Structures are given as structure tokens and as C-alpha cells.
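Notes to accompany the following structure.
The first residue in the sequence is number 1, and the count goes up from there. Not measured: the values here are computed from a predicted model.
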Amino acid sequence: MAIYGLQTNYMNTILKTYFGLEKPTLKSKYVYVGLGLAQEGALINTEYFTEVFDGKPLGNYRRARVVFGEAVDGIISNLNEISFNTAGEDWTPDQKPVTMVGIFDTLDYQDENENIIEPLIVLKLPDAVTIKAGETIFLAEGSLNLTLTDE
């Protein structure tokens, strides 16, 4: 069965190899989640996300590591609860809440030419979140579900 031109087993292979656990070694891949602030004109499914993930982290903000499991029926989910470090200052200034998360393959914010490293995938949070100094944001185990289809 093919979905959008990609064969199902091939999609599962991509998901397992890039984001999940690769057999037979079960070596986990290093993938990171970054928080994206609401911005004027920022849309889901746009070509560029520089408005949302602008490459300029605030204060002590750091991306958090996420481990995805093996693809099941073309869907992978995070195996671990994701915990960001406790905010040393307000991470959502100017009344701009976190509305999205991005999946990155690096902790770096810019490349060697100081170009912003864009996320591989962007997901919209069900609810906008503000993060003030002293608060910690968590994403529950199984809360990030990725697929190569539009399901």
C-alpha cells in the first residue's frame, strides 16, 4: 500500500531509523524538542519557521532531548517524559505564549555561517503555554506523535 507516493514499510523505516530505535542494536537517536513562541503571521506548514524558532534562546532556555520509539502503524511517539530546565527568567515575554514545539536533530541554534537551524518538524500545542521564572514545562510520555501521513 502506498500513501502519498511513499510505501508504508519505507515510511516506517524512515521513522524508525531517523527518530526511533534502529534494529538490531537498538541505538537511540539524539533528537531534541524546542519551544516555539507565538508570532505575528507565523503559520503551521509554512516553508520557514524563523518567526517561531528565531535562534535566539532567552536566558537559561535549552532544548530538551526526546527519545522516540519504534514505528507502530506508521506512527512514532516519545518514550520519555520531556522536561525542560526550570526557567531562570520569563521565557514568554511580551505576552507571546509558547504555541508550538519543533523537533531538531541538533542542540545548536545556528550553523557555522550563523544561519538559523530550522526544525525538522513543527507541531502545534493543543493549548498555548506561558512560562515564567521558576516554572518548568513538561511534555508527557506519548504526547508527541509523528507520522509521514496526514492522518
Side-chain angles (χ1 to χ4, degrees), residues 11-23 25-151:
M11 289 190 298
N12 286 339
T13 300
I14 291 172
L15 292 170
K16 281 191 279 191
T17 301
Y18 200 87
F19 292 102
L21 302 174
E22 185 174 1
K23 292 181 178 178
T25 63
L26 295 180
K27 180 182 177 186
S28 52
K29 306 297 179 184
Y30 285 72
V31 186
Y32 305 91
V33 176
L35 303 175
L37 299 177
Q39 296 287 333
E40 188 72 28
L43 302 173
I44 304 296
N45 297 327
T46 59
E47 185 175 353
Y48 302 104
F49 290 97
T50 54
E51 291 178 288
V52 179
F53 302 95
D54 65 6
K56 300 171 185 170
L58 180 63
N60 70 328
Y61 169 77
R62 299 287 180 272
R63 292 180 186 147
R65 181 165 179 234
V66 59
V67 177
F68 285 97
E70 221 176 310
V72 176
D73 296 327
I75 299 172
I76 59 173
S77 299
N78 58 306
L79 295 176
N80 58 321
E81 177 183 70
I82 301 163
S83 173
F84 289 85
N85 53 315
T86 301
E89 59 186 290
D90 293 353
W91 286 353
T92 49
D94 305 323
Q95 304 302 315
K96 294 179 183 175
V98 172
T99 58
M100 301 177 201
V101 294
I103 308 296
F104 296 84
D105 60 356
T106 178
L107 281 173
D108 296 329
Y109 297 96
Q110 295 179 325
D111 65 16
E112 61 278 355
N113 297 319
E114 297 187 7
N115 296 314
I116 294 168
I117 295 175
E118 296 190 26
L120 302 168
I121 296 172
V122 173
L123 303 169
K124 186 172 175 70
L125 289 175
D127 298 307
V129 178
T130 58
I131 305 165
K132 303 298 181 189
E135 295 179 344
T136 305
I137 185 171
F138 296 93
L139 299 175
E141 175 184 332
S143 63
L144 300 177
N145 297 292
L146 306 179
T147 181
L148 292 178
T149 69
D150 286 338
E151 295 176 359

Indicate the atoms forming the closest heavy-atom contact of [X] with [Y], along with that distance.
X   : Y    : value
S83 : F138 : OG-CE2, 3.2 Å
N60 : E89  : OD1-N, 4.3 Å
D90 : A133 : OD1-N, 2.9 Å
T92 : K132 : O-NZ, 3.9 Å
N80 : R65  : ND2-O, 3.5 Å
F84 : V33  : CE2-O, 3.3 Å

**Message:** Please verify the inter-ring angle class for Y61 with Y109; under 30° counts as parallel, over 60° as perpendicular, anything in between as tilted.
**Reply:**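 Judged by the thresholds at 30° and 60°, the geometry between Y61 and Y109 is tilted.
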
**Request:** Measure from the side-chain N and O atoms of N113 to the backbone N and O of N115, and report whether any donor-acceptor pair falls under 3.5 Å.
**Result:**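 Side chain of N113 to backbone of N115: no pair is present.
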
Would you indicate whether the side-chain heavy atoms of [Y] and [X] approach each other to under 4.5 Å?
X    : Y    : answer
P119 : I103 : no
F68  : L144 : yes
T130 : P97  : yes
T86  : T136 : yes
L35  : V101 : yes

**Prompt:** For the atom pair CD1 (I137) and CG (L125), what is the distance rounded to the nearest 0.5 Å?
**Reply:**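 Those atoms lie 6.5 Å apart.
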
**Inter-residue atom distance Y32.OH - I82.CD1, 0.5 Å rounding** =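 With rounding to 0.5 Å, OH (Y32) is 12.5 Å from CD1 (I82).
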
